[in-house]
Amino acid sequence: MNAPLRRLAVVVALLFASLLLSATYVQFVSAPELNARTDNRRTQFKEFGRDRGPILVDGRPIAQSVEVDDPYTYQRKYTSAQMYSAVTGFYSIVYKPTGMEGATNDLLNGTADQLFYRRLSDLFTGREPQGASVELTIDPKVQKAAWDALGNQKGAVVALDPKTGAILAMVSKPGYDPNALAGHDVAKVTKAWNGLLDDPDRPLDNRAIAGRLYPPGSVFKIVTAAAALEGGYTPDTLVDGPASLDLPQTSASLPNDFAGACGPNNKVSLLDALRISCNTAFGSIGLEIGDDAIRAQAEKFGFGKALDVPLTVTPSTFPADPNPPQTAQSAIGQFDVRVSPLQIAMVSAGVANGGVVMRPQLVKDVLSANGVDVIQRPQPERFSDAVSGQVAADLTRMMVAVVDDGTGKRAQIPGVRVAGKTGTAQQGEGRPPNAWFTAFAPADDPKVAIAVVVEDGGALGDAASGGRVAAPIAKQVIEAVLNR
């Protein structure tokens with residue numbers, strides 16, 4: 001009898017050992033793989049069952065978690081949803097989080113390294129873990145002014161504090177309702193997502209910083225003017241400004257947007273060339289100083305550089321190796337020059353700040369769950385030295401002339417010196433131009449730098465220009481900043 005019992009005991013011991021080994025393997029070795037599986041409902045419930053921190057603007061939530069009566073426990077709710085959609089993005093049980101929901105996900109869900117000691121405290125005290133609150137730099141009055149000023153037109157507005165890089169407004173139109181993607185009905189969320197993807201107006205694009213970049217047209221002349229001034233030109237330097245510029249190596253020519261030459265005897269000062277937006281003068285400058293000088297200047301303003309605000313910004317581009325005719329076209333912001341509105345706002349902000357471009361930033365504070373204790377406060381950071389102080393002063397004088405007595409008159413504000421530049425960017429045969437305006441104000445003590453783009457000429461279509469369509473929008477946003 002003893003032998004059979006011993007054999008049975010060995011078998012039972014082996015079974016227990018196998019069970020322990022299996023449980024250990026599942027809990028410690030396979031756990032990460034199992035947790036990462038998209039069909040693991042426990043992981044989903046754990047993730048979406050957290051009390052996710054709010055995204056705040058001026059202390060008020062524009063995105064927050066609310067309790068719901070389903071296995072997920074919490075669901076995201078967005079207020080002023082379309083107006084802030086380019087900023088917040090969405091948080092979904094079906095799709096990856098986007099916008100600030102994605103960029104600050106570890107802070108909002110409480111897993112960031114900065115929150116380690118708070119998680120440890122929650123573990124010992126038995127408190128339910130909560131994510132941090134993320135306070136944005138957005139000013140709600142400025143955001144609403146930009147949203148309202150764009151109206152039903154497609155486009156984008158970015159407003160910066162040139163001294164700190166704080167983003168005061170980031171608007172992309174058309175927007176969308178993130179609430180439709182935050183629900184817990186998978187079929188409804190999927191249908192809403194597919195509808196947005198199929199929309200020809202591309203509401204999911206954040207036109208302010210990413211998606212499809214734009215040809216900048218004449219707002220890029222600020223960069224070309226900066227390169228010329230850094231190379232020895234002055235605002236009073238006379239440059240060639242004929243009615244039409246013959247382009248080398250081709251039978252094509254570069255015309256002005258208006259009839260005739262830009263000045264007597266086909267000559268015009270650099271200041272007046274910017275004031276009236278003379279294409280042939282800036283084409284001539286491009287041929288004179290060359291593509292390398294313009295590209296180097298563009299890069300000093302941020303072209304081609306990776307940037308997170310913390311939303312990922314698509315780098316703006318200047319063509320790599322243009323021939324002379326292409327260089328002349330690039331000097332006026334055409335050919336293959338492509339930009340985001342944020343980049344153009346950075347150009348104006350750099351001029352406004354004495355030549356120093358500050359790193360754009362959307363996060364003002366990271367706060368505790370109760371919104372009281374400051375966990376992290378990003379400090380203003382120098383991004384680049386774009387031009388010298390003297391060149392910045394010269395460009396300011398030239399841009400003030402644009403608004404005082406040039407193509408940007410519709411941006412004038414009584415009692416305020418506004419420095420600006422218009423742009424009317426051609427998109428090819430059969431398509432209306434994009435209308436641009438960039439500016440900063442007050443010119444002697446800048447509080448805001450702004451870029452506006454209105455796609456396809458906005459309400460004016462083929463008859464649009466930057467001065468007629470985009471400058472009045474910028475004026476309203478600047479006024480909102482100055483009247484805060």
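Checked against Asp394 for a side-chain contact (heavy atoms from CB on, under 4.5 Å), the options Leu271, Thr234, Leu229 give a single hit: Leu229. Each of Thr438, Val157, Leu168 was compared with Ile450 under the side-chain contact (heavy atoms from CB on, under 4.5 Å) criterion, and only Val157 meets it. Tested against Tyr84, the residues Val171, Ile138, Ile55 include a single side-chain contact (heavy atoms from CB on, under 4.5 Å) partner, Ile138. Screening Leu311, Thr164, Thr137, Leu307 for a side-chain contact (heavy atoms from CB on, under 4.5 Å) involving Pro360 leaves a single residue, Leu307.
The closest donor-acceptor contact from the side chain of Arg295 to the backbone of Ala320 lies under 3.5 Å. Put simply, the side chain of Glu135 never gets that close to the backbone of Leu367: no donor and acceptor are under 3.5 Å apart. Without hydrogens or angle criteria, Asn179 side chain to Tyr78 main chain gives a donor-acceptor distance under 3.5 Å. Here the side chain of Asn353 pairs no donor or acceptor atom with the backbone of Ala349 at under 3.5 angstrom. In this structure a side-chain-to-backbone donor-acceptor pair under 3.5 Å is present from Thr224 to Ala331. When atom types are taken as modelled, the side chain of Ser348 and the backbone of Ala449 share no donor-acceptor pair closer than 3.5 angstrom. A donor-acceptor pair is defined here as one N or O able to donate and one able to accept, closer than 3.5 Å; such a pair exists between the side chain of Gln153 and the backbone of Leu150. Although no hydrogens or angles enter the test, the distance criterion places a donor-acceptor pair under 3.5 Å between the side chain of Ser133 and the main chain of Ser368. Of the possible donor and acceptor atoms, none in the side chain of Lys221 sits under 3.5 Å from a partner among the backbone N and O of Gly333. Side chain of Gln334 to main chain of Pro215: no donor-acceptor pair is present (N/O by atom type, distance under 3.5 Å, no hydrogens or angles).
A heavy-atom distance below 4.5 Å is not found between the side chains of Val313 and Gln343. Residues Tyr214 and Gln427 fail the side-chain proximity criterion, which asks for heavy atoms closer than 4.5 Å. Counting heavy atoms from C-beta on, the side chains of Ile276 and Phe258 come closer than 4.5 Å. Annotation: side chain of Val57 is not in contact with side chain of Gln143 (no heavy-atom distance under 4.5 Å). Counting only heavy atoms from C-beta outward, the side chains of Pro248 and Leu287 approach each other to under 4.5 Å. Using a 4.5 Å heavy-atom cutoff, the side chains of Ser277 and Asp257 are not in contact. Using a 4.5 Å heavy-atom cutoff, the side chains of Tyr95 and Phe90 are in contact. For the pair Glu299/Phe318, no side-chain contact is recorded, criterion being any heavy-atom separation below 4.5 Å from C-beta on.
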Begin from the C-alpha positions of Gln326 and Asp321 and carry the test side chain to side chain contact (heavy atoms under 4.5 Å, CB included) through to its verdict.
-> CA-CA 9 Å; Gln326 293 166 346; Asp321 189 24; over 6 Å; no
Carefully, step by step, assess Lys163 and Asp445 under the rule salt bridge (Lys or Arg N to Asp or Glu O under 4.0 Å).
-> CA-CA 10 Å; Lys163 297 175 183 176; Asp445 184 21; 2.6 Å; yes
Applying side chain to side chain donor-acceptor pair (under 3.5 Å), run through Ser65 and Arg76 and close with a yes or a no.
-> CA-CA 4 Å; Ser65 292; Arg76 288 304 256 183; 3.1 Å; yes
Worked check of side chain to side chain contact (heavy atoms under 4.5 Å, CB included) between Met100 and Thr88 | CA-CA 5 Å; Met100 291 300 287; Thr88 62; 5.6 Å; no
Worked check of side chain to side chain contact (heavy atoms under 4.5 Å, CB included) between Ser92 and Val189 = CA-CA 8 Å; Ser92 168; Val189 170; 3.8 Å; yes
Yes or no on side chain to side chain contact (heavy atoms under 4.5 Å, CB included) for Val477 and Trp147, after CA distance, side-chain angles and deciding distance?
-> CA-CA 9 Å; Val477 179; Trp147 179 264; over 6 Å; no
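Contact between Ala480 and Ala145 at its shortest, heavy atoms only, is CB-CB, 3.6 Å. Taking all atoms of both residues into account, the shortest heavy-atom contact from Ile294 to Gly286 is CD1-CA, 3.9 Å. The minimum heavy-atom distance between Ala441 and Leu482, with the atom names listed, is O-CD2, 4.5 Å. For the pair Val374 and Arg377, the tightest heavy-atom approach, listed with the atom from each and the gap, is CG2-NH2, 3.5 Å. Here the closest non-hydrogen pair linking Ala464 and Val469 is CB-CG2, 3.7 Å. Contact between Val357 and Ala386 at its shortest, heavy atoms only, is CG2-CB, 3.9 Å.
Within 6.0 Å of NZ on Lys305 lie more than 12 heavy atoms contributed by other residues, nucleotides or ligands. Atom CG of Asn194 sits in a crowded spot, with more than 12 heavy atoms from other residues, nucleotides or ligands closer than 6.0 Å.
Salt bridge present: Arg275 and Asp272 bring a charged side-chain N and a carboxylate O closer than 4.0 Å. A salt bridge links Arg207 and Glu455; the closest N-O separation between the charged side-chain nitrogens and carboxylate oxygens is under 4.0 Å. Salt bridge status for Asp161 with Lys447: absent, with no side-chain N to carboxylate O gap under 4.0 Å. Between Asp201 and Lys154 there is a salt bridge, since at least one side-chain N of the basic residue sits less than 4.0 Å from a carboxylate O of the acidic one. For Asp456 and Arg431, the salt-bridge test passes: some basic side-chain N is under 4.0 Å from an acidic carboxylate O.
Between the CG atom of Asp139 and the CG atom of Leu136 there is a distance of 12.0 Å, given to the nearest 0.5 Å. Atom CG in Leu362 sits 10.0 Å away from atom OG1 in Thr104 (nearest 0.5 Å). Rounding to the nearest 0.5 Å gives a distance of 4.0 Å between SG of Cys262 and CG of Asn256. Here the straight-line distance linking atom OG of Ser340 with atom CE of Met346 works out to 8.0 Å at 0.5 Å rounding. With rounding to the nearest 0.5 Å, the separation of CG in Asn279 from CG in Leu254 is 5.5 Å. In this structure, the separation between OG1 on Thr280 and CG on Asp246 is 11.0 Å, given to the nearest 0.5 Å.
A donor atom on one side chain and an acceptor atom on the other are found under 3.5 Å apart for Thr111 and Asn109.
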